[in-house]
Amino acid sequence: MTLEAIVKSPRDWAVEPNLREYDEARRRFSWSQARADLVGPEPGRGLNIAHVAVDRHAAGPAGDCLAIRYLAKSGAVEDVSYNRLRALTNRFANVLKSLGVAKGDRVYVLAGRIPELYLAALGAWKHGSVFCPLFSAFGSEPIRARLTIGASRVLVTTATLYERKVAALRAALPALEHVLLVGDDGATTAVPGTHDLRSLLEAASDEFSLAATEPNDVALLHFTSGTTGTPKGAIHVHEAVVAHHATGRLALDLRPGDVFWCTADPGWVTGTSYGIIAPLTNGVTSIVDEGDFDAERWYRILQDQGVTVWYTAPTAIRMLMKAGVELPRKFDLRKLRFLASVGEPLNPEAVVWGREAFGLPFHDNWWQTETGGIMIANFASMDIRPGSMGRPLPGIEAAIVRKTDEGHVVEVETGAQGELALRPGWPSMFRGYWGDEERYRKCFADGYYLTGDLARRDADGYYWFVGRKDDVIKTSGHLIGPFEVESVLLEHPAVAEAGVIGKPDPVAMEIVKAFVSLKNGFEAGDALRRELLGFARKRLGAVVAPKEIDFRDKLPRTRSGKIMRRLLKAQELGLPLGDLSTLEES
Amino acid sequence: MNASELRSQVLTILGDIAPEADLSCIAPDKSLRDQIDIDSMDLLNFVIALHERLHVDIPEADYPQLATLDGCLRYLSAAIPMSG
């Protein structure tokens with residue numbers, strides 16, 4: 001549906017937005033200037049994310065300012081100033097050094113939003129290691145696959161997660177040398193084959209001499225999912241911080257003095273780019289909430305912490321909408337200045353609902369793991385067209401393209417649907433998929449990075465999301481690869497074939513739905529359905545596993561033998577099946 | 001419905017959503033999410049199933065009261081007619 005545009009006027013600004021006038025900002029912006037503004041003009045002087053995020057502030061007048069406030073599940077609150085964060089992350093870097101971890105080694109973290117996760121990320125960068133976050137709700141199979149692909153040398157996790165999900169995998173992970181455990185409820189751990197992280201941090205020095213990292217040294221490995229094959233580890237380098245900082249300033253309007261809450265988990269890219277890096281580089285106070293979604297508690301955090309800028313996700317916003325507009329009105333939320341959303345397109349009703357509940361609209365923006373930072377956004381100073389992802393950031397050239405019969409990539413006319421593409425060259429663009437050069441190369445053609453998202457652009461340059469070009473499933477802001485789910489289902493002795501699709505859902509956008517056919521001798525029914533559901537959930541974790549499983553005698557296949565997921569989806573939705581020859585390609 | 005029937009109904013619904021979970025060792029006073037692997041969509045489905053099978057209306061604002069097994073039983077026994 002189309003809702004009326006939300007018109008912005010300088011009269012409504014509590015403060016002047018960092019991006020005051022869109023066309024002017026685009027004209028004046030350059031990435032070299034953005035880098036010079038952040039870290040000085042000299043090229044080749046070295047660049048380190050943790051230095052820009054932490055040490056730079058600790059050395060100056062902001063040293064005593066609050067960098068991160070952790071809200072633990074227990075209700076405990078822990079405040080860390082930039083100075084203190086400098087010392088603690090130095091300690092973590094010293095721990096890596098004492099273990100003989102080398103520059104470029106992959107340091108994985110599998111944990112909820114606990115303080116040690118943030119120390120590990122920043123400490124790994126200081127040491128010149130590569131930080132790789134894993135979502136703590138993953139089951140053992142996604143964890144095993146990702147640890148193996150990136151050849152993790154160090155893993156930071158909690159005693160509980162280790163026992164439940166990792167211990168049994170150790171023999172299959174020869175590269176994994178050091179496991180650093182965080183005890184639950186502050187306890188010291190003593191698990192064979194692991195170290196107690198808190199004891200190591202306790203014994204380490206507050207001083208560390210920063211590794212000599214270069215702008216193009218690898219800093220981050222972020223896993224994402226494709227339609228086929230194993231998960232893809234998108235590689236990001238230290239100079240990505242220039243984009244994290246600039247986009248935080250322009251698209252989220254961050255400025256010193258802000259209290260910023262990004263609700264995303266660092267297991268997904270938003271929780272790292274905007275849950276760790278951008279707020280720190282911009283010198284704001286970042287709120288980290290360990291707990292899960294809970295409408296009333298979330299409003300209380302916004303109120304009690306005096307949050308000024310809030311970055312959250314459509315699924316959460318739709319759950320808040322279900323809880324009603326009376327609830328937020330019980331809280332004093334007048335400190336809020338700017339609301340933003342990412343993860344999947346925010347429906348127009350939710351954009352507008354923000355005004356009803358908070359007196360402020362939600363600003364949707366678009367980006368993906370590969371882009372490292374926000375690429376297209378609704379800005380504080382710009383009119384919002386509800387349902388649109390907004391316009392490209394300064395420094396970002398976007399286009400809607402199609403492939404010609406000759407295999408070239410060309411722009412389509414205004415208003416037409418095509419694939420969203422970007423001109424490479426921004427600092428946080430991914431530099432590869434770990435160990436998979438071919439898949440990386442396939443993402444580029446004729447000078448474009450092809451995003452895999454279908455969209456259109458209107459006459460005024462606003463972009464509108466249409467869908468995915470491939471079969472990747474978007475659920476609750478996460479990308480799930482159907483192949484990863486199908487592979488696990490096929491491991492069950494009863495399953496002959498498995499096809500997995502995203503089924504539209506009013507809250508989560510899509511839910512994972514599986515279709516299976518059975519081997520001879522197995523009977524479809526509720527008992528087997530439960531068994532398969534439990535099997536998949538145990539291996540994949542609740543966030544990746546199917547929410548629904550249906551039985552079919554046989555799954556539709558292309559002539560080349562691939563399961564036709566799009567046909568399964570069309571059948572599920574009761575859509576006309578259309579021209580099957582086009583399905584052959586999917 | 002009596003208390004033990006209610007308890008078994010709630011556990012059945014949970015078991016349908018997370019068949020892999022060992023529900024026999026759930027600590028009734030601890031958060032369900034801390035003990036079994038359920039995500040926010042599972043919780044939503046849990047509430048929907050409670051509504052459908054037990055015919056109770058559960059406003060969103062009350063969801064936090066369902067965070068533990070004890071909490072669920074307390075909330076539901078106040079909301080539906082109980083016997084014995």
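Chain naming here is simple, since letters A, B, ... match the order of the sequence lines and numbering starts at 1 in each.
Going from atom CG of A/Asp292 over to atom CD1 of B/Ile38 covers 9.5 Å, rounded to the nearest 0.5 Å.
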Kindly indicate, with the supporting measurements, whether the criterion side chain to side chain contact (heavy atoms under 4.5 Å, CB included) is fulfilled by A/Val543 and B/Met41. CA-CA 9 Å; A/Val543 292; B/Met41 290 309 292; over 6 Å; no

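Neither the backbone nor the side chain of B/Leu43 comes within less than 4.5 Å of any heavy atom of chain A.
Top candidate by heavy-atom pairs under 4.5 Å with chain A, chosen from B/Ala21, B/Gly15, B/Ala61, B/Pro59, is B/Gly15. Among the candidates A/Lys73, A/Arg164, A/Lys322, the residue making the largest number of heavy-atom pairs closer than 4.5 Å to chain B is A/Lys322.
Scanning for ring pair (Phe, Tyr, Trp, His ring centres under 6.0 Å) contacts around B/Tyr63 gives an empty result, with sequence neighbours left out. Residues forming a side-chain hydrogen bond (donor to acceptor under 3.5 Å, both in side chains) with A/Arg113 (at least two apart in sequence, or on another chain): A/Asp265.
With contacts defined as side-chain heavy-atom distances shorter than 4.5 Å, the pair A/Met319/B/Ser40 qualifies.
Annotation: salt bridge (charged side-chain N to carboxylate O under 4.0 Å, His left out) contacts involving residues 35-63 of chain B, sequence neighbours excluded, comprise A/Arg537-B/Asp42, A/Lys547-B/Asp39, A/Lys547-B/Asp42, B/Asp16-B/Arg53.
No more than 12 heavy-atom neighbours from other residues, nucleotides or ligands sit within 6.0 angstrom of CD on A/Glu163. Around the CG atom of B/Asp29, the shell of radius 6.0 Å holds more than 12 heavy atoms that belong to other residues, nucleotides or ligands. The 12-atom threshold is not exceeded at NZ of A/Lys538, counting heavy atoms of other residues, nucleotides or ligands nearer than 6.0 Å.
Listed by sequence position, A/Arg530, A/Leu533, A/Gly534 are the residues of residues 522-535 of chain A in contact with chain B, using a 4.5 angstrom heavy-atom cutoff.
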